[in-house]
Amino acid sequence: MQLVIEGGRPLSGEVTISGAKNAALTILPAVVLTEGESVLANIPDIADVRVMLRLLEGIGVAVEREEDRIRLEVRGPLNPEVPYADGKQLRASSLLLGPLVARLGEARVPLPGGCKIGSRPIDLHLKALEALGARCTVEHGYVIAEAPYGLHGGPIYLDFPSVGATENAIMAAVLARGTTVIHNAAREPEIVDLATALNRFGAKVVGAGTDVIRVRGVDGLSGGEHTIIPDRIETGTYLLAGLMGGGPITVRHVIPTHVEPLLAKLEEAGVRFIVEGDQIRAWLEGRPKAVQVKTLPYPGFPTDLQPQMTSFLLLAEGTSIVSERIFEDRFGHVDELKRLGGRIKTEGRTAVIEGVERLTGAPVTATDLRQGASLVIAGLAAEGETVIDGLEHLDRGYERLEEKLAGLGARVYRVEEVEERVWV
Ligand code: EPZ
């Protein structure tokens, strides 16, 4: 699948942001801990969510989508094994480990593959589950977690504030006997949203959003209703896309505090903005100033906006420095951005960007979700046509991408796969 962009046309206008992919991918598995019916609202219709819904159905959860609301019903016994094919396809399937072993005493989940930004191990997830009494092994490509006598509360020390490990730890602790304290926990807004949803379902989680989270185990959870938070990464992606031509761009249905790390950096680059309720309006006179960016766990600058910010800095006045501190190999966008005229040199986890006055369109290839987003942002600003191959990577995390871009004045269209012509 390809996205064709006729670039060089500044975007402006308003765009409505969808629900957060990374909140949906942890709150959907959390439903496994409940008994009865739950309704989750503001769930984006994106590929990763569709796969997660298939996984839930595979283990016995009844799922029904009504627009952006998902109705889920958990009744009776669930299957502890996640189907290999689908599970392997979605890294976030590892977030079923905690809920399944907490509820059933066992879980079998395909070992998540690495991806284009690094090896993506889950050792911290397994260490957290073992601290609560689970026995974790890897056999035939499956991660197996067993706790025949149930889980018990206890202290968990995370070597790194891993988002996924924190989420698995919280979900496992919710039904453990006794109290769990998670130290060096991740502080991302998606963790707070998970805790809010779990507490709505009857859990007792306090401290989410700080680096110490306490969970008092309960006997069981009922279902409930929850509306997930807006997607702060989609928010940042559209702000940066709109600012490539100076804007003004308004993003709606957002939580401004969740994108403060980005706004602070954009202000340094000369961007002006007005924050009003759930809207942010941003604009820029002339070219952005060069800045230094370092990705860190929340509330630092988010690694998921590093590729998109790198594209924004291609047109800056001066030389910018971007250092990627979270993933070991998240510069897959650099070579493709050079095809569009970007001047970037990478040295290990650091990229040095020498700002240029203009970019020119070219055929480029998306290899992962946020790398693909950085190509869209640069392609929109590049004069002439840019064709992005690998659009399926963007469909994993951006709902109605071309519709939202067209609403901002972009000239974009999707080209389905061109059948391979086989000459016989
Ligand atoms: C979540 O991934 C997000 N995914 C990622 O977003 C995001 O980039 C990441 O958090 C960091 O913010 C979802 O929420 C589904 P981590 P996660 O565990 O949980 C190392 C996107 O584009 N690590 O915080 O996998 C790991 O290798 C995606 O939406 C271990 O060493 O991130 C990485 O270097 C991409 N052992 C670092 O920690 C572990 O057991 C951060 O990983 C776990 C992680």
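Order of appearance sets the numbers: ligands from 1, and atoms from 1 within every ligand. Atom set for the values below is all heavy atoms of this structure, side chains included, hydrogens, waters and symmetry mates excluded.
Those atoms of ligand 1 that come under 4.0 Å of a heavy atom in Asp304, given as number and element, are 5 (C), 6 (O), 7 (C), 8 (O), 21 (C), 22 (O), 28 (C), 29 (O), 35 (C). In summary, the atoms of ligand 1 found under 4.0 Å from a heavy atom of Phe327, numbered by their order in the structure, are 8 (O), 33 (C), 34 (O). Close approach to Leu124 involves these atoms of ligand 1, each under 4.0 Å from a residue heavy atom: 36 (N), 39 (C), 40 (O). Each of the atoms 18 (O), 19 (O) of ligand 1 lies under 4.0 Å from some heavy atom of Gly164. In summary, the atoms of ligand 1 found under 4.0 Å from a heavy atom of Arg330, numbered by their order in the structure, are 8 (O), 22 (O), 35 (C). Interface of Arg91 with ligand 1, defined as ligand atoms under 4.0 Å from a residue heavy atom, comprises 25 (O). Distances below 4.0 Å separate heavy atoms of Ile122 from the following atoms of ligand 1: 39 (C), 40 (O). With ligand atoms numbered from 1 in the order given, ligand 1 contributes 21 (C), 22 (O), 29 (O) to contacts under 4.0 Å with heavy atoms of Arg370.
Closest protein heavy atom to atom 11 (C) of ligand 1: Thr303 CG2, 3.9 Å. The protein non-hydrogen atom at the shortest distance from atom 34 (O) of ligand 1 is Ile326 O, 2.7 Å. Among protein heavy atoms, atom 17 (P) of ligand 1 sits closest to Arg120 NH2, 3.9 Å. Protein heavy atom closest to atom 27 (O) of ligand 1, with residue, atom name and distance, is Pro121 CD, 3.3 Å. Protein heavy atom at the shortest distance from atom 15 (C) of ligand 1 is Asn22 OD1, 3.4 Å.
Between Lys265 and Phe312 there is no side-chain heavy-atom pair separated by less than 4.5 Å. Two residues are said to be in side-chain contact when any heavy atoms from C-beta on lie closer than 4.5 Å; Asn22 and Asp304 meet this criterion. Here the side chains of Leu263 and Val271 are not in contact, with every heavy-atom distance at 4.5 Å or above.
Only one option out of Arg370, Glu234, Lys21, Lys404 pairs with Tyr398 in a side-chain hydrogen bond (donor to acceptor under 3.5 Å, both in side chains); it is Arg370. Checking Val32, Leu28, Thr34, Val39 one by one against Leu72, the side-chain contact (heavy atoms from CB on, under 4.5 Å) holds for a single residue, Leu28.
When heavy-atom distances to ligand 1 are checked against a 4.0 Å cut-off, Glu167 has no atom that comes that close, whether in backbone or side chain. Contacts between Lys21 and ligand 1 below 4.0 angstrom, taking non-hydrogen atoms only, involve the side chain exclusively. Contacts of Phe160 with ligand 1, taken as heavy-atom pairs under 4.0 Å, involve the side chain alone. The backbone and the side chain of Asp123 each have at least one atom closer than 4.0 Å to an atom of ligand 1 (non-hydrogen atoms only). Here Ser162 has heavy atoms under 4.0 Å from ligand 1 in both its backbone and its side chain. Contacts of Leu126 with ligand 1, taken as heavy-atom pairs under 4.0 Å, are absent altogether.
At a distance under 4.0 Å, no protein heavy atom can be found next to atom 20 (C) of ligand 1.
In this structure, a donor-acceptor pair under 3.5 Å is present between the side chains of Arg325 and Ser323. Judged purely by distance below 3.5 Å, without hydrogens or angles, the side chains of Thr237 and Gln308 pair a donor atom with an acceptor atom. Side-chain contact of Gln306 with His333: a donor-acceptor pair under 3.5 Å is present, judged by distance alone.
Rounded to the nearest 0.5 Å, atoms CG (Leu25) and CD (Glu190) are 10.0 Å apart.
Within the 3.5 Å criterion, the main-chain N or O of Thr303 finds no donor-acceptor partner in the side chain of Thr295.
Considering Leu305, Val163, Asp329 only, the shortest heavy-atom separation from atom 1 (C) of ligand 1 involves Val163.
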